[in-house]
Amino acid sequence: MNETRLLAGRDLAMGAEGIAEHVRRLGRLPAAGKSLIDLLARSGLTGRGGAAYPVGLKWRSVAAESHGSAVIVVNGAEGEPHSKKDRLLMTTRPHLILDGAFLAAAALRARQVILYIGEEHYAARQSMSRALAERTAEERRLVRIVAAPARYVAGNSSAAVHLINAGIATPTTTPPSSHERGVDGAPTLVQNVETLAHIAMIARIGQATGTVLITMAGGVNRPGVLEVKTGTTVGEAVALAGGAPEPAQAVLVGGYFGQWIEATQAWALPVDPEALRAHGLTLGCGVIGVLPASRCAVCEVTGIMRYLANESSAQCGPCFFGLRALADACTRIAQRGTDPNDLLRLQRWASEVRGRGGCHHPDGAVMFLQSALKTFAGEFSRHPAHVRRSA
Amino acid sequence: MTKRFELRVDRIKCDGRGLCAEILPERIRLDDWGYPIIAEGPIPDHLLPLAQRVVEDCPVLALGLRRVESRTRSSR
Amino acid sequence: MESNTQARMRARDAAMRQLDRITRGVAFAAIAGVGVLTAVSAYSIPGASSSSLTATTSTSTSSSSTSSGLQSSSIGVTTSSGSAVAVSGGSH
Amino acid sequence: MSTTVLWYATRGAGAVSLILLSSVVVLGILSALRVQAAGWPRFLTTGLHRNLALMTLVFLALHIVTAVVDPFTHLGWLTAVVPFSSYYRTFWLGLGTIAFELLLAIVVTSLARPWLGHATWRLVHWLTYASWPIAVIHGLGTGTDTWSAWLFVLTALCVGAVLAAVAYRLMADSPDPLAEPRSVFQAAVERREPR
């Protein structure tokens with residue numbers, strides 16, 4: 001059955017696939033036990049939410065702590081501005097996600113499953129609750145839906161747990177991680193919806209689907225979600241997205257917590273979490289942003305740094321003040337032209353802020369900026385005054 | 001197995017009072033906004049008393065000494 | 001960078017010594033203070049030198065706890081030196 | 001040593017305790033703020049605050065012992081522990097006992113701070129703003145039968161210093177520069193049903 005893609009089956013434009021069609025195509029929910037956890041470890045599947053944590057390890061750590069009290073959080077917050085993959089999956093293949101969630105609930109002996117979906121993603125919430133209604137009474141009893149605030153850090157696993165526990169979506173200090181003490185203090189698995197869909201397929205076909213969902217954004221003719229084989233190169237993905245209307249100068253691989261790669265180098269990069277990690281990169285949430293040659297790189301980077309600074313939950317000084325100072329320095333360079341002191345400050349602050357936050361928000365933002373400073377070194381060092389143009 | 005400790009800070013609790021850098025400048029300095037930058041690695045033995053004092057004197061108890069197991073002499 | 005840390009280490013050590021010095025200083029001052037203020041209160045309280053206080057104040061030293069709060073300031077203690085005042089009423 | 005000396009010693013020790021307590025309160029307020037003078041590290045303020053707090057307890061103990069041991073006033077140890085249990089100036093002296101016990105709670109929780117955690121410690125520490133005023137009123141009330149200008153002046157100075165520190169604290173902006181942005185962000189991601 002070569003149709004082992006997540007988005008296989010009828011045309012996506014026809015909306016959510018019902019339970020009958022889902023079972024006809026993929027069969028009933030397979031059994032789940034310790035063997036599934038070992039299978040996941042062997043498959044090498046890593047999380048698709050952004051942190052790319054090996055799924056086998058994560059399940060083992062929750063299983064070790066859970067004695068029938070675990071909680072499964074299905075993370076569909078998708079706070080990354082350009083990412084659309086989770087929403088597409090929730091609105092077209094909801095049962096694949098629910099299968100993954102109930103497999104996790106069985107394998108980890110969970111007593112509760114929480115669908116954590118972006119509060120502004122109405123279609124996704126509606127599709128998931130409709131699909132839930134089609135499940136068995138026993139499955140439905142386990143599940144409740146919680147709305148995730150539409151902020152960048154709301155998708156962070158400790159923020160999700162904090163919102164579910166205390167109604168505030170701000171990250172909390174780890175340790176303890178949510179694996180040890182999460183929802184209601186119970187061991188909690190926070191897993192991205194795409195990861196759970198992959199798990200539902202792996203439980204059926206015994207191996208990874210070999211595909212990933214990516215969101216093509218920026219200078220491509222047909223931006224949007226693609227499901228590609230993990231060997232596909234960025235250039236091929238751009239072609240699948242209708243090609244680039246004008247030559248590109250660089251590609252942002254991995255979204256706002258990803259890294260900038262000069263276009264020609266990026267074109268040959270494989271869209272594959274493991275392969276990218278070998279290059280010191282990350283596929284992150286799967287956003288591939290193409291920056292056209294006509295756009296000013298410094299102004300683009302400045303806009304994103306300002307966004308990331310504003311998305312700091314202001315709980316930690318180095319992150320809140322550090323990212324704001326970095327964004328201010330970028331803004332000065334963008335609007336008034338390069339001042340060598342600002343370049344020095346950017347380098348120093350970036351290295352000082354990294355690793356000094358309560359969560360990984362500052363780390364992601366700094367990696368993004370440092371890759372920009374490297375890839376656009378020329379632009380940053382000789383940038384003229386640009387009055388702030390469109391976002 | 002030598003018992004070594006390293007200073008850890010709870011970034012969310014820390015509100016940049018700066019006492020730690022004043023008491024233990026050998027291991028802690030402040031960034032431009034007054035928040036501690038802690039040197040990596042285990043605390044040298046002769047600084048452990050001061051490190052203990054820093055942990056106790058932190059106005060918001062954001063600092064802690066965490067044991068670092070270093071089995072072999074050439075620990076990391 | 002090294003000199004900055006050195007300077008801050010010296011400042012720390014100096015401040016530690018300063019803390020001890022100030023604390024000891026305050027301790028001595030406090031002890032002296034008790035002595036001085038004991039003497040001052042001995043001489044400044046009218047009853048100390050003359051027995052006029054005894055004449056003007058009633059000897060009532062006991063009253064139910066509820067009302068004593070509002071007693072005017074003249075109610076007080078007879079300060080006859082040395083002799084214990086016979087207390088009426090015993091324990092309440 | 002005639003009884004009267006003990007009686008005056010109680011007043012002397014009490015006055016010194018008041019001065020010490022007031023300075024501890026002022027130092028506490030200053031250490032909460034980010035007042036940073038050159039050559040005066042912040043841990044000096046907090047260190048003094050702690051040392052003088054313990055010193056206050058010592059002189060307070062002296063104050064209590066001299067009062068209780070003084071045969072003239074027949075107070076008995078109970079009055080130091082159970083408020084309003086003395087027959088001599090019951091109300092005013094009772095305040096002293098309350099202030100003393102509040103102070104004990106504050107100091108004990110401060111010594112046990114690493115085990116209690118910051119939140120609990122901070123909650124109990126707010127009792128300072130009850131203990132100190134009650135101590136001042138105790139001083140004035142118990143001492144009024146033998147009115148003396150020096151005690152009044154001394155008390156006025158202490159009250160003035162503490163009120164100035166409190167006023168400074170209220171005017172100064174929040175000691176935590178993140179307090180405002182943190183509450184703004186929290187409001188944006190708060191999904192609690194309003195209580």
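Each chain gets a letter, A, B and so on, in the order the sequences are listed, and its residues count up from 1.
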Sequence neighbours excluded and cut-off under 3.5 Å, please list the side-chain donor-acceptor pairs for residues 180-188 of chain A, or say none.
from, atom 1, to, atom 2, distance (Å)
A/Glu180, OE1, A/Ser177, N, 2.9
A/Thr188, OG1, A/Val183, N, 2.8
A/Thr188, OG1, A/Ala186, O, 2.9

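Closest non-hydrogen pair, A/Arg151 versus D/Phe185, comes out as NH2-CE1, 3.5 Å. Here the closest heavy-atom approach between residue A/Phe321 and residue D/Leu178 is recorded as CE1-CD2, 3.8 Å. The two residues D/Pro181 and A/Phe320 make their nearest non-hydrogen contact at CB-CZ, 3.5 Å.
Among residue pairs with one or both ends in residues 153-169 of chain A, those qualifying as side chain to side chain donor-acceptor pair (under 3.5 Å) are A/Asn156-A/Ser158, A/His162-A/Thr170; sequence neighbours excluded.
In this structure, the portion of A/Val153 lying under 4.5 Å from any heavy atom of chain D is its side chain and not its backbone.
Taking a 6.0 Å sphere around NE2 of D/His49, one finds it holds more than 12 heavy atoms contributed by other residues, nucleotides or ligands. Around atom CZ of A/Arg140, more than 12 heavy atoms belonging to other residues, nucleotides or ligands sit under 6.0 Å away.
By number of non-hydrogen pairs under 4.5 angstrom with chain D, the leading residue of A/Ala147, A/Ala154, A/Ala314 is A/Ala314.
Rounded to the nearest 0.5 Å, atoms OG (A/Ser312) and CZ (D/Arg182) are 10.0 Å apart.
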